[in-house]
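In what follows, a structure is listed as C-alpha coordinates, so that the remarks can point back to it.
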Amino acid sequence: MSAKIYRPAKTAMQSGKAKTHRWVLEFDQERARTIDPIMGYTSSGDMRQQVKLTFETCELAVAYAERNGLEYRVIEPHDATRKKVAYPDNFRFNRMQPWTH
(Lines give C-alpha, C1' and ligand atoms only; values in the text may rest on other atoms or scores of the structure.)
Protein backbone atom coordinates (compact mmCIF):
# COMPACT_ATOMS: atom_id res chain seq x y z
CA MET A 1 0.00 0.00 0.00
CA SER A 2 1.22 3.44 -0.83
CA ALA A 3 -0.13 6.84 0.08
CA LYS A 4 0.54 10.50 -0.50
CA ILE A 5 0.65 13.17 2.17
CA TYR A 6 -0.14 16.70 1.11
CA ARG A 7 -1.70 19.97 2.21
CA PRO A 8 -4.61 20.86 -0.08
CA ALA A 9 -4.59 24.09 -2.06
CA LYS A 10 -7.30 26.67 -1.63
CA THR A 11 -10.38 26.24 -3.72
CA ALA A 12 -10.69 28.27 -6.89
CA MET A 13 -14.32 29.10 -6.14
CA GLN A 14 -13.63 31.44 -3.21
CA SER A 15 -10.82 33.62 -2.01
CA GLY A 16 -10.75 32.15 1.51
CA LYS A 17 -8.21 29.63 2.73
CA ALA A 18 -10.52 27.32 4.67
CA LYS A 19 -9.49 23.66 4.88
CA THR A 20 -5.95 24.40 3.68
CA HIS A 21 -4.15 24.23 7.03
CA ARG A 22 -4.53 20.51 7.68
CA TRP A 23 -2.50 17.75 6.08
CA VAL A 24 -4.23 14.92 4.20
CA LEU A 25 -3.12 11.31 3.84
CA GLU A 26 -4.71 9.78 0.76
CA PHE A 27 -4.20 6.21 -0.43
CA ASP A 28 -3.08 5.58 -4.00
CA GLN A 29 -5.13 3.59 -6.46
CA GLU A 30 -4.24 -0.12 -6.38
CA ARG A 31 -6.62 -1.43 -9.04
CA ALA A 32 -7.71 0.15 -12.27
CA ARG A 33 -11.22 1.55 -12.44
CA THR A 34 -13.77 -0.26 -14.57
CA ILE A 35 -16.63 1.14 -16.62
CA ASP A 36 -20.06 -0.40 -16.31
CA PRO A 37 -21.12 -1.37 -19.86
CA ILE A 38 -24.82 -0.66 -19.35
CA MET A 39 -24.91 2.60 -17.37
CA GLY A 40 -21.42 3.92 -18.09
CA TYR A 41 -20.59 4.47 -14.41
CA THR A 42 -16.99 4.26 -13.32
CA SER A 43 -16.43 1.92 -10.39
CA SER A 44 -13.58 0.47 -8.43
CA GLY A 45 -13.14 -2.47 -6.09
CA ASP A 46 -10.51 -0.59 -4.11
CA MET A 47 -12.13 0.68 -0.90
CA ARG A 48 -9.03 2.46 0.41
CA GLN A 49 -9.25 4.91 -2.47
CA GLN A 50 -12.26 6.49 -0.75
CA VAL A 51 -10.42 7.13 2.53
CA LYS A 52 -8.87 10.51 3.31
CA LEU A 53 -7.31 11.02 6.72
CA THR A 54 -6.62 14.54 8.00
CA PHE A 55 -3.88 15.53 10.44
CA GLU A 56 -2.86 18.76 12.15
CA THR A 57 0.78 18.54 11.03
CA CYS A 58 2.85 16.72 8.45
CA GLU A 59 4.82 14.98 11.20
CA LEU A 60 1.65 13.38 12.58
CA ALA A 61 0.72 12.09 9.13
CA VAL A 62 4.21 10.67 8.57
CA ALA A 63 4.15 9.04 12.01
CA TYR A 64 0.80 7.41 11.21
CA ALA A 65 2.11 6.08 7.88
CA GLU A 66 5.25 4.67 9.48
CA ARG A 67 3.32 3.15 12.39
CA ASN A 68 1.01 1.30 9.96
CA GLY A 69 3.77 0.24 7.55
CA LEU A 70 2.62 2.38 4.61
CA GLU A 71 4.86 3.53 1.80
CA TYR A 72 4.34 7.27 1.58
CA ARG A 73 5.51 10.35 -0.24
CA VAL A 74 5.19 13.90 1.01
CA ILE A 75 4.16 16.57 -1.46
CA GLU A 76 5.31 19.95 -0.19
CA PRO A 77 2.81 22.81 -0.52
CA HIS A 78 3.45 25.68 -2.91
CA ASP A 79 2.48 28.91 -1.21
CA ALA A 80 1.23 31.67 -3.46
CA THR A 81 3.38 34.76 -3.78
CA ARG A 82 1.59 38.08 -3.90
CA LYS A 83 2.64 40.69 -6.42
CA LYS A 84 2.89 44.17 -4.98
CA VAL A 85 0.92 46.51 -7.20
CA ALA A 86 -0.20 50.06 -6.62
CA TYR A 87 -3.10 51.98 -8.08
CA PRO A 88 -0.89 54.70 -9.69
CA ASP A 89 0.79 51.97 -11.75
CA ASN A 90 -2.36 51.92 -13.89
CA PHE A 91 -1.51 55.40 -15.20
CA ARG A 92 2.21 55.03 -15.88
CA PHE A 93 3.48 56.03 -19.31
CA ASN A 94 5.61 52.90 -19.68
CA ARG A 95 2.77 50.41 -19.12
CA MET A 96 3.05 47.03 -20.80
CA GLN A 97 -0.59 47.14 -21.95
CA PRO A 98 -2.15 50.28 -23.44
CA TRP A 99 -4.84 52.20 -21.60
CA THR A 100 -8.24 51.25 -23.03
CA HIS A 101 -10.58 54.00 -21.80
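Values reported hereafter were calculated over all heavy atoms of this structure, with side chains retained and with hydrogens, waters and symmetry mates removed.
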E71, CD atom: more than 12 neighbouring heavy atoms under 6.0 Å = no
Cluster question for you: counting only ILVMFWY and a side-chain heavy-atom cut-off of under 4.5 Å, with indirect links fine, are M1 and F55 together?
-> yes
Do the side chains of R73 and D28 get nearer than 4.5 Å, heavy atoms only?
-> yes
D36 side chain vs Y41 backbone, donor-acceptor pair below 3.5 Å | no
For S44 and R33 the tightest heavy-atom approach is CB-CG, 4.2 Å
Flag the pair L70 / F27 as yes when at least one side-chain heavy-atom distance between them is below 4.5 Å, and no otherwise.
-> yes
With a 4.5 Å limit on heavy-atom distance, are the side chains of V74 and V62 in contact?
-> yes
Do side-chain atoms of N68 reach the backbone of Y64 as a donor and acceptor pair under 3.5 angstrom?
-> yes
For K52, what residues pass the side-chain contact (heavy atoms from CB on, under 4.5 Å) criterion, not counting sequence neighbours?
-> Y6, V24, E26
Between R48, M47, Q49, which is the residue that forms a side chain to side chain contact (heavy atoms under 4.5 Å, CB included) with E30?
-> R48
How many angstroms lie between atom OG of S43 and atom CZ of R31, to the nearest 0.5 angstrom?
-> 11.0 Å
In terms of heavy-atom contacts, A65 and L25 come closest through CB-CD1, 4.1 Å
Take atom NZ of K19 as the centre, draw a 6.0 Å sphere, and report whether it contains more than 12 heavy atoms from other residues, nucleotides or ligands.
-> no
If you take all heavy atoms of T20 and K17, which pair is closest and at what distance?
-> OG1-O, 2.6 Å
Basic-acidic side-chain contact under 4.0 Å: K84, D89 | no
Interatomic distance, OG1@T57 vs CH2@W23, rounded to 0.5 Å, equals 9.0 Å
